[in-house]
Peer 1: 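Starting off with a structure, shown below.
Remember, predicted model here, so these are calculated numbers, not experimental data.
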Amino acid sequence: MTARWTLLVLALPLACATTSPPQVPQRVAAAEPAKVPDPAPAASETPADPSACTPLTLQVEPPPADHIDAKIPEIQDFSQGGNQLDATYEKLARLLRGRATESVRIGFWGDSNMTRDFISGELRRVLQRRFGDAGHGFIAVGKPWSWYIHENVQHGSDSSWAAVNMSTNQVLDRLYGMGGVAAQASHGGAHAWVATAEKGAPVGTRASRIQVMYLKHPKYGSFEVKIDGNSRGVTETAASEPGAGLLSYDVPDGAHRVDFISRDAPVRLLGAVLERSAPGVVVDDLAIGGVNTELIARADAKLTAATLRMRDYDLVMLLTGATEPDAPSHDAGAKALVQTVRSALPNAAFLMMSPPDLAGGDLAHPTRVIRMNQIERRKLDVARDLGLLYWDFRGAMGGEQSIVRFAEHKMAWKDFIHLTGTGGHAMGRRFAIALLRGFAAWLEKHPDAGCS
């Protein structure tokens, strides 16, 4: 009897912020989704005969009622041949068959609408619950903005770390790394920390590989790393020229805390990573408040490429809009950014999203609607011109002026720019469904995927 492997994806319950954060960002809780029992394991997760190569199928449930009266757009592929996601889908198929040796990593650039990890956090939970929790992934060291937080992980720092970033606290050398935010210590004793999620969190409670990304520099000093209170030594960051440094520690799979203490300043940390050796999915939230495509591309390309290679993404995504410049600057920045990503990760797919809808204060002001329509067209045109993937985020919200409906249902702030936890989680889930629907359609054409 031939087994038929089926993945049933249940939508999770409902649970971002430019240079100007939400009106009262501190009132937005880190908002975990309501607790819901995980669906029963799919047959594909516990195959009777792992050596067999039975067909894989994928069933994707629609989202629950969430006040969004819009269909979920498909992911469009403008690459020649339309097969840009094949490698990622193949790796997901291996995860379903239990044959994977590598995780699928997604790097997700965004502006203030992602600085609380609502969109990326929900995407992370949906994918990790289905394909495996491979850890939280990347997080900035330090706190660039008072409202900056990642979900399903713990982190903090004292005021001695100055969080420099691509937008609101720039440095002349532009050496931020791919995360766009770096923690700078100007004297010894500065302290920051990250830790796995609290017990009972849906994902992120375990890690077995801890990494620290830092800046090598001729004039820089040293810092100490402690894991679970035990010193792992002091690292000297001095080097003949600026570049990316990486520390990696293997630890027992479980809960961990990592502390960073500057010893001989200055020191610049480019980010930390909490992952697991067990293969699964990782979603890195690379959020920079107030950023746009041009600013991301303006960062030191050599350092950005070096840190991208450290993360080795399968899929890189970009969601910006509120502060995008005019067409020539936007297009030039997009082309430069895509070139940097492709030079660093030639096998990675690149997905451009349309901007979130924005009304901004005076709803009757027509120029704001016109501007968002122009930015949306620019994003689509760039995706076509450069052969990228494209997803209509604004269309998934409901299109023009949908942000007003979001605000009416407390899914967006009354600034008509920033999504709340409820709205961000809903949109993260809607993109997850679009990605899974694309995967399901691909599996119909490749039923033996993941067998090689």
Side-chain angles (χ1 to χ4, degrees), residues 1-12 36-64 72-77 79 81-106 122-135 137 202-204 206 208 253 275-283 312-315 317 347-349 351 389 391 428-452:
M1 177 176 174
T2 302
R4 186 169 181 81
W5 295 11
T6 303
L7 176 67
L8 177 61
V9 178
L10 297 181
L12 301 180
V36 172
D38 284 339
S44 58
E45 295 172 325
T46 54
D49 182 5
S51 64
C53 186
T54 50
L56 281 177
T57 61
L58 195 73
Q59 296 178 2
V60 186
E61 294 295 320
I72 298 177
E74 295 181 358
I75 296 173
Q76 297 175 263
D77 190 343
S79 63
N83 57 0
Q84 195 171 168
L85 281 170
D86 281 11
T88 301
Y89 287 158
E90 175 67 22
K91 291 180 73 171
L92 290 176
R94 291 178 196 164
L95 286 169
L96 292 184
R97 293 189 186 277
R99 300 186 179 200
T101 58
E102 298 177 326
S103 292
V104 171
R105 291 191 182 89
I106 299 173
E122 183 70 356
L123 174 64
R124 186 182 303 116
R125 283 186 291 273
V126 171
L127 296 182
Q128 289 188 341
R129 280 173 160 169
R130 291 293 77 204
F131 297 100
D133 178 358
V203 296
R206 292 180 289 174
S208 58
D253 191 38
E275 283 195 355
R276 301 179 63 211
S277 56
V281 173
V282 178
V283 178
D312 194 21
Y313 295 122
D314 298 283
L315 172 62
M317 307 194 300
N347 296 320
L351 187 146
L389 299 165
W391 191 64
R429 185 166 54 250
R430 288 171 80 80
F431 175 72
I433 291 172
L435 184 65
L436 291 171
R437 285 176 176 173
F439 181 39
W442 184 83
L443 284 177
E444 291 179 1
K445 300 177 182 178
H446 304 84
D448 59 347
C451 292
S452 59

Peer 1: Using a strict 4.0 Å threshold on nitrogen-to-oxygen distance, state whether D314 and R105 make a salt bridge.
Peer 2: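 No salt bridge links D314 with R105.
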
Peer 1: Over all heavy atoms of both residues, which pair between I106 and Y313 is shortest? Give the atoms and the distance, please.
Peer 2: C-CD2, 3.6 Å

Peer 1: Nearest 0.5 Å, please: how far is CG in D448 from OG1 in T54?
Peer 2: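 T54 OG1 to D448 CG: 10.5 Å, rounded to 0.5 Å.
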
Peer 1: The criterion is salt bridge (charged side-chain N to carboxylate O under 4.0 Å, His left out); which residues satisfy it with E102, sequence neighbours excluded?
Peer 2: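 Once residues adjacent in sequence are excluded, the partners of E102 under the salt bridge (charged side-chain N to carboxylate O under 4.0 Å, His left out) criterion are K91.
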
Peer 1: Looking at every non-hydrogen atom in both residues, tell me the closest pair between G135 and D133 and how far apart they are.
Peer 2: N-OD1, 2.8 Å

Peer 1: Are the side chain of S208 and the backbone of S277 linked by a donor-acceptor contact shorter than 3.5 Å?
Peer 2: yes

Peer 1: Any idea which heavy atoms bring A449 and L56 closest together, and the distance?
Peer 2: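 So the minimum-distance heavy-atom pair works out to O-CD1, 3.8 Å.
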
Peer 1: CH2 of W391 to CE of M317: how many Å apart, nearest 0.5 Å?
Peer 2: 9.5 Å

Peer 1: Taking only residues two or more places apart in sequence, or in another chain, which ones meet Y89 in a ring-ring contact (aromatic ring centres under 6.0 Å, His included)?
Peer 2: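 Only F439, W442 meet the ring-ring contact (aromatic ring centres under 6.0 Å, His included) criterion with Y89.
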
Peer 1: Between the side chain of S103 and the main-chain N/O of G280, is any donor-acceptor distance below 3.5 Å?
Peer 2: yes

Peer 1: In the structure I gave you, are the side-chain heavy atoms of L436 and F131 within less than 4.5 Å of one another anywhere?
Peer 2: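 Yes, close enough: below the 4.5 Å cut-off.
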
Peer 1: Looking only at heavy atoms, which two atoms of T101 and P279 are closest? And how far apart?
Peer 2: C-CB, 4.3 Å

Peer 1: If only atom types and distance count, is the side chain of R430 paired as donor or acceptor with the main-chain N or O of P73 below 3.5 Å?
Peer 2: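 No, R430 side chain to P73 backbone: no donor-acceptor pair under 3.5 Å.
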
Peer 1: Please report the shortest heavy-atom distance between R97 and G450, naming the atom on each side.
Peer 2: CD-O, 3.4 Å

Peer 1: Output yes when a side-chain donor or acceptor of Q128 lies under 3.5 Å from a complementary backbone atom of V281, and no otherwise.
Peer 2: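 Judged by distance alone, yes, a pair lies under 3.5 Å.
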
Peer 1: Evaluate C451 against R94 for side chain to side chain contact (heavy atoms under 4.5 Å, CB included), listing each step before the verdict.
Peer 2: CA-CA 7 Å; C451 292; R94 291 178 196 164; over 6 Å; no

Peer 1: Quick one: pull up CZ in R437 and CD1 in I75 and give me the separation to the nearest 0.5 Å.
Peer 2: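 It comes to 11.0 Å.
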
Peer 1: So which atom in A93 and which in L443 form the shortest heavy-atom distance, rounded to 0.1 Å?
Peer 2: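 What the structure gives for the nearest pair is CB-CD2, 4.5 Å.
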
Peer 1: Could you measure the distance from the CD1 atom of I72 to the CG atom of L435? Nearest 0.5 Å is fine.
Peer 2: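 CG of L435 is found 11.5 Å from CD1 of I72.
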
